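For reference, the structure discussed in these notes is given below.
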Protein chains: 2
Amino acid sequence: MLIVVALGGNALQPKESRGYPEEQWAAVRKAARALAEIVREGFEIVITHGNGPQVGYLLEAMESMPLKKPRQTLDLAVAMTQGWLGFLIAHSLEEELARLGVAKRAAVIPTRVLVSLDDPEFLNPSKPVGGYYGREEAEVLSKTLGWIFKEDPRGDYRRVVPSPRPLKILETPILKSLLEENIVPIAAGGGGIPVASVEGTLKPVEAVIDKDLASSLLAVELDADMLAILTDVPGVALNYHTPKRLWLRRVKARELKKYYERGEFPPGSMGPKVLAAIEFVEKTGRKASIGLLEEALKVVKGDSGTLIEA
Amino acid sequence: MLIVVALGGNALQPKESRGYPEEQWAAVRKAARALAEIVREGFEIVITHGNGPQVGYLLEAMESMPLKKPRQTLDLAVAMTQGWLGFLIAHSLEEELARLGVAKRAAVIPTRVLVSLDDPEFLNPSKPVGGYYGREEAEVLSKTLGWIFKEDPRGDYRRVVPSPRPLKILETPILKSLLEENIVPIAAGGGGIPVASVEGTLKPVEAVIDKDLASSLLAVELDADMLAILTDVPGVALNYHTPKRLWLRRVKARELKKYYERGEFPPGSMGPKVLAAIEFVEKTGRKASIGLLEEALKVVKGDSGTLIEA
């Protein structure tokens, strides 16, 4: 049984963490322990992960340099986080597997994802990235680097980039080869490096792909038996921010879709997770689950979290 | 015939370049074109690459942030450059292969390399990394982050880290699997992420491994038929900085070793390349070549550059 396991950004950098290397290792070790248990039970897994705090950190670092220094584009920054987090996860997972006596290797595959320049997000970018700027600074950066700014709820200005839908994972054949060789692939970090077809060739684009939607697509392409989205909440709930909070234990995809469409789930957090799960179940007829990282094994067995069925 | 092809840092960021993304793409596209020609001729290749300018850039970016922000460790920075440059190379190579009608994929493998904490470099670190600091700043960083500083020939202070010898490439089995699947692996970027055995587990360490020595070791481990070191000079020369410069076209490893030992080749540039070639030839009895990236195909055929034989 093959499961695509998507790790939330918080799994790799908890909210209380400031992003120091030792904090990252501790968080990733915890995640690796949970994942190693799944592997020990005999499940085949492909690991995907978010990169929000890390790509934000790199953009901030580059933006701290004098303006005459180059800023690397967002596609390159995503590629950097894939190497960075992929190394953390692969190294920790192999350590935990060895501890459990499982002879299995992990391999990081920096991954590109096809998007379309016709995606409406390219006309109206929605995803804020990087630091906060005053109006004048924003105008300078807009002129020199072509960045698009929007006023942030916090008052300052922030760069926004498109968040287009993922259409195809370019490295899927390589991931299949690794699975055949009994290796655990770590892929599609941060939703993948976006590339688009421009006059017959693939060009990298400055955009951010939602990691849950990319994971869902990857699970379809790999013909996976399950999509498991592991995060820091115990599952999907209705009326989340009210005293009438109701946790869903098992739910049909079409029912969950109704909740999604009436706006039960916030866009930045549970929304894309729910959508990713619905899409996987609708396309494949198989199951998806959303639950706590610490209870990963229970979540993939349907004994914890929310199980989404056809 | 399997060749490990090592790309110099200059191949990815020419000296006249300031490090802008468009300059990187142009340089890597040129390299990819040369490599694609080798693949079209039917050679199997594994690509390794330097990361000097890029890891320097990332360290500088992180060091530009206020001191209360975390600085990521050097092992993580190397992992970032493996994702970054690996993506550039893989994407460009696939594009060039497609142009030549070769149906072959490339895959980036972030790679760890075993080193020993008993390496003398850990007692006396030799490799300068990151930016230049005044004495006071250096003292602050030394106290807060534990960095070791040495006075630089330029007058300021610079952080130094160990440059230990590579002992084992941890991802070799994965690279073998990829080769069996007809995929071109890109590996050991920047010499690899150094890890050392500490009380039975592997721990990442802050060090820099010479990419040519790591490539040589990888070529031995992969049982490669040749190690080809591609750079921006046309081969190995004696009396390089004198009017009596003499290019070597074919040379026995033991003869080259004599030149090496009498100090013909500078430590930072041709020295490690020559040493890497000698080691590969001595361990395997096979051939190594050092030459111009633009003439890559001729170099691997022994028709350009310097051919080192047993």
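A note on names: the letters A, B, ... follow the listed sequences, proteins ahead of strands, and every chain is numbered from 1. For clarity, every value in this text was computed on a predicted model and none was experimentally measured.
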Which heavy atom of R105(B) sits nearest a heavy atom of L170(A), and at what distance?
NH2-O, 2.7 Å
Smallest separation among heavy atoms of P110(B) and G83(A), with atom names:
CG-CA, 4.5 Å
Using the test ring-ring contact (aromatic ring centres under 6.0 Å, His included), find all partners of F87(A) that sit at least two apart in sequence or belong to another chain.
W25(A), H91(A)
Between G189(A), A79(A), P70(A), which residue shows the highest count of heavy-atom pairs closer than 4.5 Å to chain B?
P70(A)
For each of L178(A), V195(A), D75(A), tally heavy-atom pairs with chain B at distances under 4.5 Å, and name the one with the top tally.
D75(A)
Using heavy-atom distances under 4.5 Å, tell me whether [X] contacts chain A through its side chain, its backbone, both, or neither.
X: L88(B); result: side chain
X: V78(B); result: neither
X: I183(B); result: side chain
X: T81(B); result: neither
X: L202(B); result: both
X: I109(B); result: both
X: E181(B); result: side chain
X: E171(B); result: both

Qualifying residues under side-chain hydrogen bond (donor to acceptor under 3.5 Å, both in side chains), relative to D156(A), sequence neighbours excluded
none
Taking 4.5 Å as the heavy-atom cut-off, does anything in residues 17-24 of chain B contact chain A, and if so which residues?
R18(B), G19(B), Y20(B), P21(B), Q24(B)
Within residues 54-63 of chain B, which positions have a heavy-atom distance to chain A below 4.5 Å?
Y57(B), L58(B), E60(B), A61(B), M62(B)
Sub-4.5 Å side-chain heavy-atom contact between E180(A) and E180(B):
no
How about K104(B): does its NZ atom have over 12 heavy atoms from other parts shown lying under 6.0 Å from it?
yes
Should the heavy atoms of other residues, nucleotides or ligands under 6.0 Å from NZ of K203(A) be counted, would the total exceed 12?
yes
Toward chain B, the part of S177(A) with a non-hydrogen atom under 4.5 Å
both
Please classify the contact between Q72(A) and chain B as side chain, backbone, both or neither, with a heavy-atom cut-off of under 4.5 Å.
both
Highest number of heavy-atom pairs under 4.5 Å with chain A: which of R99(B), E95(B), Q82(B)?
E95(B)
